[in-house]
Amino acid sequence: MADGISSFWGPVTSTIECCEKNYAYSSYIAEFWNTLSNIPTILLVLIGLVNALRQRFEKRFSILHISNMILAIGSMLYHATLQRVQQQSDETPMVWEVLLYMYILYSPDWHYHSTMPTFLFLYGAAFAVVHSVIRFGIGFKVHYVILCLLCIPRMYKYYIHTQDASAKRLAKLYVATLSIGSLCWFCDRLFCKQISSWPINPQGHALWHVFMGFNCYFANTFLMFCRAQQREWDPKVVYFMGFLPYVKIEKPKTQ
C-alpha cells in the first residue's frame, strides 16, 4: 500500500495481487491501472454488440459480447477492491466466457442441439457454486487453461477453411494480441521484484487487460464472419474509421 493513503475497502482478502502498488492514487481504487485498463474492453465490446444487434446476428453473439462486458466489469471490481468476493466476480465470468466460446465453436456440427447448451449451462452454474465455497488457487488456472486449449483445434479448423484474406488477418491479430498480452502477464508475475525497483512500472497486467480486450474483439469478429459464411450471409470484413474491423453481411430476403 502507498504511504499516506488509507484503504477504503479494508485489508486485502483476495488470493492474488499484481505488481502494482495498492492505493497509490486513490483510497477507493486498490490497483489503479489494473482497474482502468478494462475500459477499452468495455468500449470494444459495445461496438461489437451494436454491430451484432444492428445486423441481427444470432443471439449467441449478443450474449457473447455481454459476457465479455461482464468479465471486464468483474475485473474492474476485483482490482479496485482486492476482496475475495470481487475476485470471484472476475474468475467465474472467465469460465463462463470460455464455455460460450466452446458453444459457438462446436455447436454448428453438434447433432444433438439441446444437449450442448444444457450441459455447458449446468457446468457453468456448478462451477460458480463450487468456486464460491472453495479457493482453487493454482487449480483455477489449470482448469481455465484446459478449457481454453479445448477451443484451439476448432479455432484452427475455422482458420484453415476460411479463404478470405481479411478474415484470416482477424485470426492472426487474435493470435498476436494473445501472445503479446500473455508475455506482459508472465513478466508482471515472474519479474515483479525487479520491475518494482524500476523508475517506471510498465504495468504488465494492465497491458494484459488492454491486449485481451482487443483479443476478444478480434475473436468475436472472426467467429461472426465464420458463422455468417455457414449461414450464406455473404460476409465481408470492413473497417470502422479505417481502423477497427467488423463484419458486414447481406442476408437473403427470405431471412
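Along the sequence shown, the residues carry numbers beginning at 1.
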Taking atom types as modelled, is there a side-chain donor on [X] or [Y] under 3.5 Å from an acceptor on the other?
X     : Y     : answer
Ser67 : Glu97 : no
Gln86 : Asp90 : no
Tyr78 : Asn38 : no
Asn22 : Glu17 : yes
Ser27 : Trp9  : no

Looking at [X] and [Y], what are the two nearest heavy atoms and their distance?
X      : Y      : value
Tyr23  : Ser7   : OH-OG, 3.2 Å
Trp96  : Gly124 : NE1-O, 3.1 Å
Thr162 : Ala167 : CG2-CB, 3.6 Å
Gly10  : Gln83  : O-NE2, 4.0 Å
Leu207 : Cys184 : CB-SG, 3.9 Å
Asp188 : Cys18  : OD2-CB, 3.8 Å

Worksheet entry | Test side-chain contact (heavy atoms from CB on, under 4.5 Å) applied to Ile39 and Met76, step by step | CA-CA 9 Å; Ile39 293 176; Met76 292 182 75; 4.2 Å; yes

Worksheet item: Under the criterion side-chain contact (heavy atoms from CB on, under 4.5 Å), which of Glu31, Glu20, His79 is the partner of His205?
Response: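 Per the side-chain contact (heavy atoms from CB on, under 4.5 Å) rule, the option paired with His205 is His79, out of Glu31, Glu20, His79.
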
Worksheet item: So Tyr123 and His143, would you call those rings parallel, tilted or perpendicular, with 30° and 60° as cut-offs?
Response: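 The rings of Tyr123 and His143 lie parallel, inter-plane angle below 30°.
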
Practice prompt. Take the angle between the ring planes of Phe57 and Trp233 and call it parallel below 30°, perpendicular above 60°, tilted in between.
Written response: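 The rings of Phe57 and Trp233 stand perpendicular, inter-plane angle above 60°.
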
With a 3.5 Å distance limit and no angle check, can you tell me whether [X] reaches the backbone of [Y] through a side-chain donor-acceptor pair?
X      : Y      : answer
Tyr217 : Pro245 : yes
Thr92  : Ser89  : no
Gln55  : Ile249 : yes
Lys168 : Tyr159 : yes
Ser75  : Leu71  : no
Asn220 : Leu64  : no
His131 : Phe127 : no
Lys248 : Val237 : no
Asn215 : Tyr174 : yes

For the residue pair [X] and [Y], establish whether any side-chain heavy-atom pair is separated by less than 4.5 Å.
X      : Y      : result
Cys216 : Tyr101 : yes
Gln229 : Gln163 : no
Phe222 : Val247 : no
Arg227 : Phe61  : yes
Ile47  : Leu43  : no
Leu170 : Lys172 : no
Val98  : Cys151 : yes
Ile195 : Pro202 : yes

Discussion item. Using the rule given for salt bridge (charged side-chain N to carboxylate O under 4.0 Å, His left out), can you reason through Glu58 versus Arg231, listing the C-alpha separation, both sets of side-chain angles and the distance that settles it, and then say yes or no?
Written reply: CA-CA 10 Å; Glu58 294 163 303; Arg231 299 296 301 271; 2.9 Å; yes

Find out if a path of hydrophobic residues (ILVMFWY) with successive side-chain heavy-atom gaps under 4.5 Å connects [X] to [Y].
X      : Y      : value
Leu244 : Leu223 : yes
Ile138 : Ile16  : no
Met116 : Phe121 : no
Leu46  : Ile66  : no
Tyr144 : Tyr103 : yes

Worksheet item: Should Tyr25 and Ile29 be marked as a side-chain contact (heavy atoms from CB on, under 4.5 Å) after you check the CA-CA gap, both sets of side-chain angles, and the distance that decides it?
Response: CA-CA 7 Å; Tyr25 299 95; Ile29 303 177; over 6 Å; no

Discussion item. A quick test of your reading: do over 12 heavy atoms of other residues, nucleotides or ligands sit less than 6.0 Å from CD of Glu250?
Written reply: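 Result for CD/Glu250: open.
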
Practice prompt. Count the heavy atoms of every other residue, nucleotide or ligand shown that sit under 6.0 Å from OH of Tyr239, and state whether that count exceeds 12.
Written response: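 Atom OH in Tyr239 is packed in, count exceeds 12.
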
Starting at [atom1] of [X], measure out to [atom2] of [Y] and round the result to the nearest 0.5 Å.
X      : Y      : atom1 : atom2 : value
Cys19  : Gln194 : SG    : CD    : 9.0 Å
Leu53  : Leu49  : CG    : CG    : 4.5 Å
Met102 : Leu120 : CE    : CG    : 6.0 Å
Leu105 : Cys226 : CG    : SG    : 9.0 Å
Ser179 : Phe211 : OG    : CZ    : 10.5 Å
Leu183 : Leu178 : CG    : CG    : 11.0 Å

Worksheet item: Under the criterion side-chain hydrogen bond (donor to acceptor under 3.5 Å, both in side chains), which of Arg135, Arg84, Gln87 is the partner of Thr15?
Response: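 One option only clears the test, and that one is Gln87.
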
Item to complete: Walk me through it: do Phe140 and Met94 pass the test side-chain contact (heavy atoms from CB on, under 4.5 Å)?
Response: CA-CA 10 Å; Phe140 169 80; Met94 287 173 65; 4.1 Å; yes

Worksheet item: Phe240 and Tyr246: ring pair (Phe, Tyr, Trp, His ring centres under 6.0 Å), yes or no, with the steps?
Response: CA-CA 7 Å; Phe240 177 67; Tyr246 69 95; 7.1 Å; no

Worksheet item: Should Asn51 and Met224 be marked as a side-chain contact (heavy atoms from CB on, under 4.5 Å) after you check the CA-CA gap, both sets of side-chain angles, and the distance that decides it?
Response: CA-CA 10 Å; Asn51 183 45; Met224 290 168 72; 3.9 Å; yes

Worksheet item: Is any NZ, NE, NH1 or NH2 atom of the basic residue among Arg154 and Asp109 found under 4.0 Å from an Asp or Glu carboxylate oxygen of the other?
Response: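 Salt bridge between Arg154 and Asp109, a charged N being under 4.0 Å from a carboxylate O: yes.
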
